[in-house]
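Below: the structure, in structure tokens.
We use all heavy atoms of the structure for the numbers below, so side chains are in, but hydrogens, waters and symmetry mates are not. Note that the coordinates shown come from a computational prediction; the quantities given were computed from them, not determined experimentally. Reminder, nothing fancy here: chain letters follow the sequence lines and each chain counts from 1.
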There are 2 protein chains.
Amino acid sequence: MGDGRSTPRGRQSPFGADGPPLGFLLASVGFGTAYRFREVLAPSGMQPREFAVLRQVATNEGISQQACGAALKVAPSQMVALVDDLEGKGFIERRPDATDRRVRALHVTARGKRALATAFEAAMQNEEGVFGSLTKAERAELRRLLQAVAVALDLEPGQHPGMGQD
Amino acid sequence: MGDGRSTPRGRQSPFGADGPPLGFLLASVGFGTAYRFREVLAPSGMQPREFAVLRQVATNEGISQQACGAALKVAPSQMVALVDDLEGKGFIERRPDATDRRVRALHVTARGKRALATAFEAAMQNEEGVFGSLTKAERAELRRLLQAVAVALDLEPGQHPGMGQD
DNA sequence: TATTGTTATACTCTATAACTATA
DNA sequence: TATAGTTATAGAGTATAACAATA
């Protein structure tokens with residue numbers, strides 16, 4: 001209605017016939033994967049960041065908040081809110097540290113362990129759902145190619161710019 | 001210091017020896033790509049969302065704000081701020097529409113065309129920087145694999161959950 | 001003096017609902 | 001009444017600095 005322009009009818013696609021640039025596709029699929037992961041985690045009562053913290057504590061029982069935050073690149077003040085949340089859900093506990101009364105040693109509760117196991121199972125099933133159409137060789141190839149891109153981007157392995165940003 | 005735990009020395013890595021799960025790697029590299037794109041765009045005086053709008057307007061001169069927003073999945077109220085910004089930079093103009101006095105027809109200025117060309121050039125060079133270590137065949141394979149994942153995730157092609165979120 | 005956890009504050013983003021002027 | 005653009009407002013998320021207790 002009322003365009004009065006030379007464009008034939010609808011709107012023009014922003015991309016040519018050969019599809020979006022590879023970088024755009026990669027970013028798009030990456031966001032989609034993160035979004036899906038968030039949905040998959042929700043039934044376990046966790047967000048991705050909380051999952052990451054819970055996992056970090058589970059593999060490092062008694063870790064301090066700041067050490068945990070440093071490993072995950074989360075600011076101390078954010079760790080407080082994050083741990084408040086996880087403690088409110090009964091997934092972790094703050095215990096006094098024997099040798100330094102400033103630190104609050106983090107420990108996973110039995111309930112937290114169960115939730116972590118559930119979340120882990122869901123994450124693995126999701127991994128299968130997302131990459132299930134690819135053969136084992138194709139997954140290996142995808143991993144190899146992504147790692148090459150990670151190197152070109154100068155990413156630290158296993159780190160996530162924006163893991164908890166949305 | 002002062003851990004008093006059975007962990008040997010430093011912190012445990014959250015992943016096994018075979019590296020992060022593929023989904024995590026994909027999300028990580030996707031975020032990294034988006035982040036890099038933002039940096040690459042900055043010298044042109046644009047953010048990714050602004051670039052998307054400018055591009056949409058350039059391929060659809062005279063498009064209305066709402067039509068543009070609908071194509072990019074941006075809410076009308078956000079389009080106002082976005083167009084304010086782009087107009088403030090002198091990249092686009094709001095002109096009255098001949099047939100409907102409610103709509104503000106969007107047009108790219110000469111300056112906007114130059115900025116768009118610069119940004120486009122930078123984006124292409126970046127694409128080369130990011131994927132330059134891959135052969136043509138490898139890039140094609142990466143595209144194919146990512147498209148398979150996009151299908152599994154049920155993503156609309158050429159759309160971006162979170163394009164403007166960070 | 002430095003460090004751990006905490007609180008307070010400001011700033012950005014985003015989502016929603018009004019409001020106006022046109023249709 | 002419905003629609004295009006605009007404004008206002010509230011909510012989340014993030015980043016920073018200040019603070020008390022302890023080292």
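- As a whole-Å value, the separation of A:R95 CZ from C:dG5 P is 15 Å.
- Sorted by first and then second residue, the pairs that involve residues 83-92 of chain A and meet side-chain hydrogen bond (donor to acceptor under 3.5 Å, both in side chains), not counting sequence neighbours, are A:E50-A:K89, A:D84-A:R94, A:E87-A:R94.
- Applying the salt bridge (Lys or Arg N to Asp or Glu O under 4.0 Å) rule to B:K113 yields no partners; only residues at least two apart in sequence or on another chain are considered.
- Remark: A:E127 pairs with no residue by the side chain to side chain donor-acceptor pair (under 3.5 Å) rule, at least two apart or across chains.
- By the side chain to side chain donor-acceptor pair (under 3.5 Å) test, B:Q125 pairs with no residue at all, sequence neighbours left out.
- Look at CG on B:D85: it is 17 Å from C1' on D:dG5, rounded to the nearest Å.
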Where do N or O atoms of nucleotides 18-23 of chain D meet protein N or O atoms at under 3.5 Å, pair by pair?
from	atom 1	to	atom 2	distance (Å)
D:dA23	OP1	A:R101	N	2.9

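- Nearer the 5' end of DNA chain C, as judged by each residue's closest nucleotide, is the contact made by A:R94, out of B:Q47 and A:R94.
- Residues satisfying the salt bridge (Lys or Arg N to Asp or Glu O under 4.0 Å) test with B:R139, not counting sequence neighbours, are B:E128.
- B:Q66 comes within 4.0 angstrom of a nucleotide base, judged by non-hydrogen atoms across all strands.
- OP1 or OP2 of D:dT3 has not a single side-chain nitrogen or oxygen of B:R104 nearer than 4.0 Å.
- Checking side-chain atoms of B:S64 against main-chain N and O of B:A105 turns up no donor-acceptor pair under 3.5 Å.
- Among residues two or more places apart in sequence or in another chain, the side chain to side chain contact (heavy atoms under 4.5 Å, CB included) test is passed with B:A150 by A:V29, B:L155.
- Distance, B:Q65 CD to D:dT7 C1': 13 Å, rounded to whole Å.
- By the side chain to side chain contact (heavy atoms under 4.5 Å, CB included) test, A:A75 is found to be paired with A:S77, A:Q78, residues two or more places apart in sequence or in another chain being considered.
- Of the residues in residues 75-84 of chain B, B:P76, B:S77, B:V80 come within less than 4.0 Å of DNA chain D through at least one heavy atom, sorted by number.
- Residue A:R49 has a polar side-chain atom (N or O) positioned under 4.0 Å from OP1 or OP2 of D:dT14.
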